[in-house]
Amino acid sequence: DTAVSQTPKYLVTQMGNDKSIKCEQNLGHDTMYWYKQDSKKFLKIMFSYNNKELIINETVPNRFSPKSPDKAHLNLHINSLELGDSAVYFCASSQDGASGITGELFFGEGSRLTVL
Amino acid sequence: QQQVKQSPQSLIVQKGGISIINCAYENTAFDYFPWYQQFPGKGPALLIAIRPDVSEKKEGRFTISFNKSAKQFSLHIMDSQPGDSATYFCAASIKTNAGKSTFGDGTTLTVKP
């Protein structure tokens with residue numbers, strides 16, 4: 001029973017297309033994230049949602065639009081894909097705030113996006 | 001401005017040896033220092049973490065050493081095994097806000113049999 005699951009695991013698409021990645025967590029956490037890991041394995045936060053509310057929006061092109069229909073789901077839609085968008089995108093969740101316990105991030109297995 | 005600097009970028013160790021990865025941070029507000037382990041094709045997973053009120057934490061073969069005054073912390077893997085071959089990330093965050101986690105650039109560890 002996967003704690004943080006994201007689909008699809010692989011996406012291969014042409015430049016200019018639009019694609020979406022879905023994420024679900026069954027840990028009951030309040031906060032979910034999207035991270036980008038580039039070819040050098042650098043991890044960079046893109047967005048953070050707390051109870052469906054956007055709380056972190058790093059310098060990301062507005063072609064990237066996250067959407068959180070409820071606190072267990074956080075999806076990422078990417079418009080007009082570019083070559084530089086090729087990366088592995090990780091969804092993560094944590095339990096923060098007054099009820100926070102450890103500050104630990106729980107990551108999904110990643111979605112590898114390849115833009116041709 | 002990179003807030004967490006990690007070194008080395010890559011490390012090759014013989015089986016049974018000690019692997020040491022170092023990190024340095026700048027923001028004194030950080031109060032939670034985790035290490036994440038990432039295997040190829042998988043997401044990072046918490047390996048071990050420490051808070052600044054202790055100088056060392058040990059879990060099995062993995063030990064974090066923490067030097068608050070120097071703003072440095074390190075991961076030691078004793079008796080390194082080929083199964084430890086992975087990418088290791090140090091991070092620093094504020095406990096009640098994991099979203100403020102700042103990651104190091106990662107260290108690729110290869111343990112040769």
Side-chain angles (χ1 to χ4, degrees), chain A residues 2-7 9-10 21 23 25 27 29-51 53-58 66 68 74 87-112, chain B residues 1-11 21 23 25 27 29-54 57 59 64 85-110:
Chain A
T2 306
V4 180
S5 58
Q6 49 184 113
T7 57
K9 190 170 176 68
Y10 300 98
I21 307 171
C23 179
Q25 56 97 1
L27 297 168
H29 288 167
D30 292 330
T31 309
M32 296 184 70
Y33 314 83
W34 280 110
Y35 279 82
K36 180 180 180 180
Q37 186 171 47
D38 62 20
S39 57
K40 294 184 178 180
K41 298 186 180 178
F42 298 156
L43 270 170
K44 186 174 182 181
I45 190 167
M46 300 173 67
F47 302 102
S48 171
Y49 269 75
N50 181 272
N51 277 318
E53 181 182 343
L54 180 66
I55 56 173
I56 293 177
N57 183 352
E58 292 297 315
S68 181
L74 179 63
V88 181
Y89 293 86
F90 286 100
C91 177
S93 72
S94 69
Q95 185 64 33
D96 293 334
S99 60
I101 299 175
T102 65
E104 177 182 355
L105 288 164
F106 292 78
F107 287 86
E109 295 206 332
S111 296
R112 180 176 292 277
Chain B
Q1 182 184 12
Q2 186 176 13
Q3 294 193 56
V4 178
K5 293 185 179 180
Q6 182 173 346
S7 63
Q9 187 176 13
S10 62
L11 181 62
I21 305 170
C23 283
Y25 64 99
N27 187 348
F30 290 141
D31 62 359
Y32 179 67
F33 301 89
W35 285 89
Y36 288 85
Q37 180 187 52
Q38 183 181 22
F39 292 107
K42 301 292 185 182
L46 180 69
L47 179 65
I48 186 173
I50 198 168
R51 306 207 180 284
D53 53 344
V54 297
K57 182 173 182 180
E59 290 184 1
I64 300 179
S85 298
T87 300
Y88 292 82
F89 294 93
C90 64
S93 70
I94 299 169
K95 175 190 169 185
T96 55
N97 191 344
K100 291 293 185 185
S101 296
T102 300
F103 283 84
D105 287 345
T107 296
T108 301
L109 170 67
T110 302

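Values below: every heavy atom of this structure, side chains too, minus hydrogens, waters and symmetry copies. Because the structure is a prediction, the values reported are computed rather than measured. Numbers restart at 1 for each chain; the letters A, B, ... are given by sequence-line order, proteins then strands.
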Please classify the contact between B:Gln38 and chain A as side chain, backbone, both or neither, with a heavy-atom cut-off of under 4.5 Å. side chain
Using modelled atom types only, decide if a donor and an acceptor are shared between the side chain of B:Thr107 and the backbone of B:Pro8 within a distance under 3.5 Å. yes
Contact part of A:Gln6 toward chain B, heavy-atom cut-off under 4.5 Å: side chain, backbone, both or neither? neither
Once salt bridge (charged side-chain N to carboxylate O under 4.0 Å, His left out) is applied, do any residues pair with A:Lys9, and if so which ones, sequence neighbours excluded? A:Glu109
Contacting moiety of B:Pro34, where chain A heavy atoms sit under 4.5 Å: neither
Options B:Gly41, B:Ala45, B:Ala49, ranked by heavy-atom pairs under 4.5 Å with chain A, top entry: B:Gly41
Apply the ring-ring contact (aromatic ring centres under 6.0 Å, His included) test between A:Tyr35 and each candidate in A:Phe42, A:Tyr89, A:Phe107; give the one that qualifies. A:Phe107
Those residues at least two apart in sequence (or on a different chain) that pass side chain to side chain contact (heavy atoms under 4.5 Å, CB included) with A:Tyr10 are A:Arg112
